[in-house]
Protein chains: 2
Amino acid sequence: MSTLSDHIEAYIKRMLRSSQDNSIELSRAQMADDFSCVPSQINYVLSTRFTLERGYIVESRRGGGGYIRIGHVQVGDDHTHAVRLLQSIGSELSEKQMENVLAYLKDHHVISPKQLQLIRGIVQQEVGSISQGKDVLRASVIRALLFFIIESKS
Amino acid sequence: MSTLSDHIEAYIKRMLRSSQDNSIELSRAQMADDFSCVPSQINYVLSTRFTLERGYIVESRRGGGGYIRIGHVQVGDDHTHAVRLLQSIGSELSEKQMENVLAYLKDHHVISPKQLQLIRGIVQQEVGSISQGKDVLRASVIRALLFFIIESKS
DNA sequence: AGGCATAAGGTCAGTATTAGTCAGAAAGCG
DNA sequence: CGCTTTCTGACTAATACTGACCTTATGCCT
């Protein structure tokens, strides 16, 4: 956690956790001012870290009284939702898609940071050594690992 | 007679030992500067000496605030033979070979009967849906799963 | 109602800052 | 000498950050 983006991300997540309904509303200009950066920096953080794929919903309005609202998808049963997420992985999975899936599961406490690290390492090991079909193999390995973790919990 | 790579390796391992959680973060450019070498030398050392096989997990990020993070997982003595077994799995693994590996690990209490069943199911699910290269995919998935299980015990 | 001022937020392309890759040179070792 | 390991540097890729310019909403004033 070192860059400005990381700090803004952490700040927003902190606000979300302390909110009543997993949803907060903020002013872009105010945020930019608080963190001493240009307003578009906030957009950058939102678009790279608070995506739908990671379980976040961002709405906004311009003009007077404008705002940015960030919601965190919360599902009653983490288990069934995680399984659904896995099922949604197709026959191929890019590196970026994988990161999104892992970020989602970490943010929903399905996997620990330590497990995330280990999974990354294993995937890198397996996928790195081949020249073709990386996305296909990545999909299989990730699905296998995550399925194992999720099933082991029940 | 030790090479520059050896020194870098020793330095990193020293840092790891003195770290709190068997994990350190470093800057590639900084390291290269400290050792008066080109940055890619660091990659060379990492790829030849800090492999997953040896219990190291290397993650990195490019761009502003980029880093290289190295984690070390200590495998208990009773599991070193299991790791060796995994290493002996080549690029392909037949169904029969897989059963032998699983039986061995079950007999040595590395995996439980329940886990064995789960692993079989997962592999079947992943491998069953493709027409070519079953043995290759099976090798990867099995290696990934078993590695995860073994490392998780540390 | 129409027009204009003000007050938000959005986009995008360019710059800066890291790290990764790979082929080939150099060095070490039978 | 031939093979393996180490080392280098040019090129590539990813991520972070900035600022100029654009779009949309609100309200006030005629």
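Within every chain, numbering begins at 1; the chains are lettered A, B, ... in the order of the sequence lines, protein sequences first and strands thereafter. What you see is a predicted model; the values in this text were computed from it and never measured.
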Report all interatomic pairs (protein N or O, nucleotide N or O of nucleotides 28-30 of chain D) with separations under 3.5 Å.
none

Short heteroatom pairs, N/O only, protein and nucleotides 19-24 of chain C, under 3.5 Å:
unit_1: C:dA19; atom_1: OP1; unit_2: B:R28; atom_2: N; d: 3.0
unit_1: C:dA19; atom_1: OP2; unit_2: B:A29; atom_2: N; d: 3.0
unit_1: C:dG20; atom_1: OP1; unit_2: B:S60; atom_2: OG; d: 2.9
unit_1: C:dG20; atom_1: OP2; unit_2: B:N43; atom_2: ND2; d: 2.6
unit_1: C:dG20; atom_1: O4'; unit_2: B:R62; atom_2: NH2; d: 3.0
unit_1: C:dG20; atom_1: N7; unit_2: B:R28; atom_2: NH1; d: 2.9
unit_1: C:dG20; atom_1: N7; unit_2: B:R28; atom_2: NH2; d: 2.9

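Put simply, NE2 on A:H7 is 10 Å from P on D:dC17, counting in whole angstrom units. Here the C1' atom of nucleotide D:dT5 and the CD1 atom of B:I8 are 14 Å apart, to the nearest Å. With rounding to whole Å, B:M31 atom CE is found 14 Å from D:dT8 atom P. For the pair A:Y44 OH and C:dT11 P, the interatomic distance rounds to 16 Å; values are reported in whole Å. As a whole-Å value, the separation of A:D33 CG from C:dA8 C1' is 14 Å. As a whole-Å value, the separation of B:R69 CZ from C:dT18 C1' is 15 Å.
Remark: A:E95 CD is loosely packed, at most 12 non-hydrogen atoms of other residues, nucleotides or ligands lying under 6.0 Å away.
In this structure A:D33 satisfies the salt bridge (Lys or Arg N to Asp or Glu O under 4.0 Å) test with no other residue, sequence neighbours excluded. Residues meeting the ring pair (Phe, Tyr, Trp, His ring centres under 6.0 Å) test with B:F35, sequence neighbours left out: B:Y11. Partners of B:H72 by ring pair (Phe, Tyr, Trp, His ring centres under 6.0 Å), not counting sequence neighbours, listed by chain and number: B:Y56. Applying the side chain to side chain donor-acceptor pair (under 3.5 Å) test to B:K13 and every residue at least two apart in sequence or in another chain returns B:E9. Residues meeting the side chain to side chain donor-acceptor pair (under 3.5 Å) test with A:Q115, sequence neighbours left out: none.
The ring pair (Phe, Tyr, Trp, His ring centres under 6.0 Å) contacts involving residues 121-154 of chain B comprise nothing, where partners must be two or more places apart or lie in separate chains. Within the structure, the ring pair (Phe, Tyr, Trp, His ring centres under 6.0 Å) test picks out the following pairs touching residues 86-108 of chain B (sequence neighbours left out): B:H81-B:H108, B:Y104-B:H108. Every pair passing salt bridge (Lys or Arg N to Asp or Glu O under 4.0 Å) that includes a residue from residues 118-134 of chain B is listed here, sequence neighbours excluded: A:R143-B:E126, B:E99-B:R120.
Residues of residues 134-142 of chain A having a heavy atom closer than 4.0 Å to DNA chain D: none are found. For the segment residues 47-56 of chain B, no residue has any heavy atom less than 4.0 angstrom from an atom of DNA chain C.
Clustering ILVMFWY residues whenever any of their side-chain heavy atoms sit less than 4.5 angstrom apart, transitively, puts A:I149 in the very cluster that holds A:V101.
A side-chain donor-acceptor contact under 3.5 Å links B:T3 and B:D6.
Contacts of A:L4 with the nucleic acid, taken as non-hydrogen atoms under 4.0 Å apart, involve only primed sugar atoms and P, OP1 or OP2.
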